[in-house]
Amino acid sequence: MHTPLMGAHMPTGKGLGNAVRAGKAIGCTAVQVFTSSPQQWRAKDVDDKMVSDFAAAKAETGIEVVVSHDSYLINLSSPDEELRAKSVAGLSGEVLRCAKYGIDRVVSHMGSYKGDTDEGLQRVAESALEVLAQTPDSVTILMETTAGQGSSLNSRFEELARILELTKGHPRLGVCLDTCHIFAAGYDIRTDEGYELTFSGFDALIGIDRLRAIHANDSKKGLGTRVDRHEAIGKGEIGPRAFERLVRDERFAAIPILLETPEAETMHEVNLQTLWSMRNP
């Protein structure tokens, strides 16, 4: 039996090591972090002291599973070649930092594209292959499902499957599923029937084996609104039932389930305890 992997995105202002320690203090068994500012292209070099402290924190806490999230500026499908190249370099840098830390997976929104969706997905696939070709094999890129807000790609499972097809099922490409995003994109996970249809559909198109992280977030906005607004667990439009099923679903026993809910400083601990209580009622 796996130890259940549940946690939250933790602040890294005092370093990744302290983010892991802070996660342990609120009940995390897995955490998500930024290795650099998500709003800037430039990133601080990772030195031996930072790596050593991170390794020490994992040993102290017993938290082995750490997930990184890349910069919000990255757009692998941009028609602007300068921005696309900058995005390839930015994601490559993120993967390299993860490799130094020993983090084995990084979540990426991948891209937005105005115009023909398949053209945008082809640009994502080509860019992703560039990143994968120039970075270490120890790190997997997880394509995050989106709400479909604006021109964001990957709001439909078919789009993720298309990228995998275009990259010939590259072994270092996986998926991070966000509950708020898929709900806002039109996947109704509120009922037992809708939940099972959603995940059986995911398995048929992509494969559960590609799912390497889950973001557990309720939604402020309704089904199919294509608006990305996170809410506390059980307090939004999705409601508690889907999360009760999620944390008990044996298909996800070895997959980190991570919070990105509002008011992180005060509410991550509350929302995490809600998830634990749902798993062990």
Side-chain angles (χ1 to χ4, degrees), residues 4-14 16 18-34 37-39 63 65-72 105-109 142 144-149 152 154-155 175-185 187-190 195 198 211-249 252 255-281:
L5 297 173
M6 296 202 291
H9 187 108
M10 301 303 296
T12 52
K14 295 182 179 180
L16 268 64
N18 281 334
V20 172
R21 294 180 184 100
K24 176 69 172 181
I26 66 167
C28 294
T29 53
V31 299
Q32 180 174 279
V33 296
F34 291 126
S37 170
Q39 305 289 0
I63 293 175
V65 176
V66 179
V67 179
S68 174
H69 196 300
D70 75 352
S71 168
Y72 297 139
R105 65 200 90 176
V106 54
V107 175
S108 177
H109 290 158
L142 306 186
E144 183 171 355
T145 58
T146 71
Q149 189 163 306
S152 295
N154 293 338
S155 63
V175 174
C176 171
L177 182 143
D178 186 302
T179 54
C180 169
H181 296 175
I182 65 168
F183 179 75
Y187 293 94
D188 193 351
I189 56 175
R190 293 173 295 187
Y195 177 97
T198 296
L211 185 58
R212 299 288 307 282
I214 295 171
H215 288 163
N217 301 304
D218 211 324
S219 178
K220 287 184 183 291
K221 301 297 181 178
L223 178 69
T225 55
R226 297 172 70 91
V227 177
D228 178 8
R229 293 290 184 275
H230 298 183
E231 181 57 284
I233 300 299
K235 304 297 184 183
E237 293 293 324
I238 298 175
R241 179 56 185 161
F243 297 102
E244 290 170 0
R245 287 206 58 171
L246 185 74
V247 298
R248 298 176 198 167
D249 196 323
F252 312 140
I255 298 172
I257 297 174
L258 303 158
L259 295 161
E260 296 178 323
T261 42
E263 301 175 54
E265 189 173 326
T266 56
M267 291 301 294
H268 268 357
E269 183 171 10
V270 174
N271 282 303
L272 184 55
Q273 292 310 310
T274 297
L275 289 181
W276 281 115
S277 68
M278 287 175 168
R279 182 178 170 84
N280 305 304

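Count residues from 1 along the sequence. Predicted model, so just to flag it, every value in this text is computed and none were measured.
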Step by step, would you call Tyr195 with Leu246 a side-chain contact (heavy atoms from CB on, under 4.5 Å)?
CA-CA 9 Å; Tyr195 177 97; Leu246 185 74; 4.0 Å; yes
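Every residue two or more places apart in sequence or in another chain that forms a side chain to side chain contact (heavy atoms under 4.5 Å, CB included) with Glu263 is listed here: Thr266, Met267. Residues satisfying the side chain to side chain contact (heavy atoms under 4.5 Å, CB included) criterion with Ser37, sequence neighbours excluded, are Gln39, Gln40. Residues passing the side chain to side chain donor-acceptor pair (under 3.5 Å) test with Ser219, sequence neighbours excluded: none. By the side chain to side chain donor-acceptor pair (under 3.5 Å) test, Thr179 is found to be paired with no residue, residues two or more places apart in sequence or in another chain being considered. Not a single ring-ring contact (aromatic ring centres under 6.0 Å, His included) links Phe183 to another residue, sequence neighbours left out. In this structure, the side chain to side chain contact (heavy atoms under 4.5 Å, CB included) partners of Asp178, at least two apart in sequence or on a different chain, are Glu144, Thr145, Cys180, His181, His215, Asn217, His230, Glu260. Take Phe34 and apply the ring-ring contact (aromatic ring centres under 6.0 Å, His included) test, not counting sequence neighbours, and it matches His9, His69, Tyr72. Residues passing the salt bridge (Lys or Arg N to Asp or Glu O under 4.0 Å) test with Arg21, sequence neighbours excluded: Asp53, Glu60. Thr274 is linked by a side chain to side chain contact (heavy atoms under 4.5 Å, CB included) to Ile233, Met278, counting only residues two or more places apart in sequence or in another chain. Residues satisfying the side chain to side chain donor-acceptor pair (under 3.5 Å) test with Asn154, not counting sequence neighbours, are none.
The one candidate from Leu258, Leu275, Leu259, Ile214 that meets the side chain to side chain contact (heavy atoms under 4.5 Å, CB included) condition with Met6 is Leu275.
Annotation for Pro256 and Val65: closest pair CG-CG1, 3.9 Å, computed over non-hydrogen atoms. Residues Gly23 and Val31 share a closest heavy-atom pair of CA-CG1, 4.1 Å. Taking each heavy atom of Ala232 and Thr261 in turn, the nearest pair found is CA-CG2, 4.1 Å. Closest non-hydrogen pair, Ser155 versus Ala185, comes out as O-CB, 3.4 Å.
The CG atom of Leu177 sits 9.5 Å away from atom OH of Tyr187, with the distance rounded to the nearest 0.5 Å. For the atom pair Lys24 NZ and Ile26 CD1, the distance stands at 12.0 Å (nearest 0.5 Å). Atom OG1 of Thr198 sits about 7.0 Å away from atom CG of Asp188, to the nearest 0.5 Å. Rounding to the nearest 0.5 Å places SG of Cys28 at 11.0 Å from CG of Leu5.
At distances below 3.5 Å, not a single donor-acceptor pair connects side-chain atoms of Arg105 with backbone N or O atoms of Ala213.
Side-chain atoms of Val247 and Pro4, non-hydrogen and from C-beta on, never get closer than 4.5 Å to each other. Trp276 is listed as a side-chain neighbour of Thr29, based on a closest heavy-atom distance under 4.5 Å.
Applying the salt bridge (Lys or Arg N to Asp or Glu O under 4.0 Å) test to every pair with at least one member in residues 215-228, sequence neighbours left out, gives these pairs: Lys220-Glu231.
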For residues 234-242, please give each side-chain donor-acceptor pair under 3.5 Å, one per line with the distance, not counting sequence neighbours.
from	atom 1	to	atom 2	distance (Å)
Arg241	NE	Asp192	OD1	2.9
Arg241	NH2	Asp192	OD1	3.2
Arg241	NH2	Asp192	OD2	3.3

